[in-house]
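Proteins get letters first, then strands, A, B, ... in listed order; numbering begins at 1 in each.
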Number of protein chains: 2
Amino acid sequence: MSWRKEQRRAERGYHHGNLKEALLQAALGLIAEKGPGGFTFADAARMAGVSPAAPYRHFRDRDELLSSIAQRGFEQFEAQLTEAWDDGRPDTVTAFERLGKAYLAFAHNEPAFYSAMFESGLPVDLSPTLQAASERAFGVIRAAAERLAAMVPPGMPRPPAMMMALHIWSMSHGVASLFARGDQARRKLPMSAEDLLEAEVLIYLRGLGFPTDRRPSGPSDPSAKTATPPPLPPAGPPAGPWGTPK
Amino acid sequence: MSWRKEQRRAERGYHHGNLKEALLQAALGLIAEKGPGGFTFADAARMAGVSPAAPYRHFRDRDELLSSIAQRGFEQFEAQLTEAWDDGRPDTVTAFERLGKAYLAFAHNEPAFYSAMFESGLPVDLSPTLQAASERAFGVIRAAAERLAAMVPPGMPRPPAMMMALHIWSMSHGVASLFARGDQARRKLPMSAEDLLEAEVLIYLRGLGFPTDRRPSGPSDPSAKTATPPPLPPAGPPAGPWGTPK
DNA sequence: CAGCTCATGTGAAAGGCTTTTACATGAGCC
DNA sequence: GGCTCATGTAAAAGCCTTTCACATGAGCTG
């Protein structure tokens with residue numbers, strides 16, 4: 001009956017060899033399917049084929065494992081944001097919008113990381129390194145906002161770059177949290193989260209005085225199958241799936 | 001030793017009389033202090049002075065209790081948003097900004113409800129009544145957006161009211177989630193969440209073509225002790241507590 | 001008021017998870 | 001070959017969830 005277990009043991013011997021990494025991967029998978037609250041230290045151990053006590057050799061407790069995942073998440077997040085920003089090429093506004101899309105894409109493609117990072121209930125300041133990783137990721141947005149701020153047309157009120165960065169962050173985070181998380185528990189939308197955020201950012205930029213009339217050149221992937229509505233369609237019938245306001 | 005228990009029992013008799021309500025209140029308190037993941041069915045029962053099995057007479061399981069709290073939260077949320085919107089008085093834009101503030105105020109003043117509603121990991125469509133309550137709350141924002149949309153100056157692109165409503169919702173939710181939750185785990189800010197959101201909405205409205213030059217008349221409460229920076233201060237030194245982008 | 005009934009609460013028990021502790025294994029190093 | 005220490009294991013305590021059979025007493029009925 002305990003054939004599997006014995007065989008596993010035979011395969012790897014008494015020592016696992018790479019348990020820490022295996023636990024991180026297992027936890028990531030579990031979080032993806034059951035949410036950060038649903039995942040279990042014991043489950044991760046089972047998945048890695050070790051006893052329930054083994055993980056304690058690598059993580060102080062369940063929270064530390066969660067925190068490690070969040071940390072790794074912030075690092076990947078930073079990398080992807082950095083790549084999307086691409087130091088403002090080819091032009092600041094275009095790169096800026098790519099940044100927003102990258103935010104959504106991360107929430108969508110890495111729901112496990114995203115929820116460990118933002119929805120696990122971990123205090124932000126749990127560990128200094130976690131906090132630092134989080135701030136480095138935000139730093140990308142801030143650097144982009146800095147460049148954008150320098151371009152605000154003269155004569156327009158110019159909010160501090162920090163504030164602009166926080167605005168963009170909150171828009172992205174709001175859309176991502178409400179509408180773009182993995183497949184779990186997200187709300188239905190009459191449009192794609194990407195289009196929603198793109199329009200939001202465009203209106204915001206216009207409010208800062210940026211000319212945004214350039215006919216949007218379509219989505220970055222012209223072969224996309226979904227029809228791509230113009231970011232700012234003219235007024236239409238308000239019929240939509242959302243709650244009919246009484 | 002079991003003096004307390006016996007006394008309690010004597011006070012209320014075998015039947016509690018109002019257990020359901022007592023459990024909801026207890027859970028609300030527990031969520032406020034330990035987060036939606038930290039609260040325990042058993043704890044709530046203990047707090048109400050009943051056995052751990054008693055709650056099952058009123059809620060199918062832990063999730064149903066959580067869901068009931070979220071439901072109640074959405075109802076209060078809707079009520080407060082409705083009051084803030086006040087049917088668009090004295091003017092649409094003013095009322096609109098009040099709406100945003102009410103969103104933040106709710107997140108700040110009712111962190112337990114807020115996290116049960118948005119951070120508990122419950123699937124949105126867990127119960128139809130929950131979903132309906134959520135949509136009614138959003139309906140308030142949507143109705144406000146509808147009125148606002150009708151006022152977009154001619155000549156400006158006019159996004160669908162639904163989209164504007166979603167924009168406002170995502171801004172509010174983003175700011176609230178990142179910066180305005182109760183005392184737990186929120187990020188530090190170089191400004192108040194209220195000012196941040198107000199500026200964000202103002203810029204957004206300007207992007208829609210609304211004149212927003214009216215000198216902001218200051219915060220709603222002129223006797224507030226905190227200095228009230230103008231929502232759109234001119235560019236200043238970017239020094240701030242936030243991560244120094246390398 | 002006596003008696004019945006059913007909603008509501010209790011106790012005990014099964015099954016999991018977390019975390020600690022003492023002990024086992026074996027990889028790396030003299 | 002023998003030592004040592006990082007890494008795993010087994011067992012146990014404590015807590016939580018959920019279920020089940022049973023207890024209580026509030027409210028209806030005659």
Side-chain angles (χ1 to χ4, degrees), chain A residues 1-2 4-27 29-31 33-69 120-122 126, chain B residues 1-2 4-27 29-31 33-69 120-122 126:
Chain A
M1 273 309 118
S2 58
R4 270 227 131 290
K5 196 176 191 172
E6 294 312 324
Q7 199 213 15
R8 268 233 193 107
R9 179 81 66 86
E11 273 168 10
R12 69 163 171 82
Y14 191 91
H15 291 286
H16 183 290
N18 199 16
L19 184 53
K20 186 161 187 171
E21 189 56 33
L23 288 172
L24 286 167
Q25 291 303 328
L30 288 168
I31 293 173
E33 62 177 270
K34 307 200 292 188
F39 120 90
T40 260
F41 222 32
D43 252 342
R46 206 169 302 135
M47 199 156 299
V50 297
S51 81
Y56 289 85
R57 295 293 176 197
H58 300 277
F59 302 96
R60 194 172 350 80
D61 56 19
R62 191 178 167 284
D63 273 6
E64 196 182 274
L65 171 50
L66 216 46
S67 160
S68 293
I69 289 182
S120 60
L122 290 178
L126 187 104
Chain B
M1 274 308 123
S2 58
R4 271 227 129 292
K5 194 175 192 174
E6 295 310 325
Q7 201 213 13
R8 268 234 193 107
R9 179 81 67 85
E11 273 168 9
R12 69 163 169 82
Y14 191 90
H15 291 286
H16 183 288
N18 199 16
L19 184 53
K20 185 161 188 171
E21 188 56 33
L23 288 172
L24 286 167
Q25 291 303 328
L30 288 169
I31 292 173
E33 63 178 271
K34 309 200 291 187
F39 119 90
T40 260
F41 223 33
D43 250 342
R46 206 169 302 133
M47 197 156 301
V50 297
S51 79
Y56 289 85
R57 295 294 177 196
H58 300 276
F59 302 96
R60 195 174 347 84
D61 56 19
R62 193 178 166 284
D63 273 6
E64 196 182 275
L65 172 50
L66 217 47
S67 158
S68 293
I69 289 182
S120 61
L122 291 178
L126 188 101

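For B/Tyr56, the ring-ring contact (aromatic ring centres under 6.0 Å, His included) test picks out B/Phe41, with sequence neighbours left out. Partners of B/Ala45 under the side chain to side chain contact (heavy atoms under 4.5 Å, CB included) rule, at least two apart in sequence or in another chain, are B/Val50, B/Pro55. Taking the side chain to side chain contact (heavy atoms under 4.5 Å, CB included) definition, one finds that A/Leu30 meets it with A/Lys34, A/Phe39, A/Asp43, A/Ala44, A/Met47, sequence neighbours left out. By the side chain to side chain contact (heavy atoms under 4.5 Å, CB included) test, B/Glu21 pairs with B/Asn18, B/Leu24, B/Gln25, B/Arg72, sequence neighbours left out.
Taking atom CZ of residue A/Phe39 and atom C1' of nucleotide C/dC17, one finds them 12 Å apart after rounding to whole Å. Taking atom CZ of residue A/Arg62 and atom C1' of nucleotide C/dT18, one finds them 10 Å apart after rounding to whole Å. When rounded to the nearest whole Å, the span between CG of B/Asp43 and P of D/dC15 equals 11 Å. Counting to the nearest Å, the P atom of C/dG9 and the NZ atom of B/Lys20 are 12 Å from each other. Taking atom CG of residue B/Asp63 and atom P of nucleotide D/dT17, one finds them 11 Å apart after rounding to whole Å. Atom P of nucleotide D/dT7 and atom CD of A/Glu21 are separated by 14 Å, given to the nearest angstrom. Straight-line distance from the CE atom of B/Met47 to the P atom of D/dC16: 11 Å, rounded to whole Å.
Taking the side chain of B/Arg46 as heavy atoms from C-beta on, and the options C/dG9, D/dC16, D/dT9, the nearest nucleotide is D/dC16.
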Can you give me the N/O atom pairs linking the protein to nucleotides 24-28 of chain D at distances under 3.5 Å, or say none if there are none?
from: D/dT24; atom 1: O2; to: B/His15; atom 2: NE2; distance (Å): 3.0

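In this structure the side chain of A/Leu19 reaches within 4.5 angstrom of the side chain of A/His58, judged on heavy atoms.
Residues from residues 52-61 of chain A that place a heavy atom under 4.0 Å from any atom of DNA chain C, listed by number: A/Pro52, A/Ala53, A/Tyr56, A/Arg57, A/Asp61.
B/Asp63 places no side-chain N or O within donor-acceptor distance of the main-chain N or O of B/Leu66, the cut-off being under 3.5 Å.
Base engagement by B/Ser51 is indicated by at least one non-hydrogen atom pair under 4.0 Å involving a base atom.
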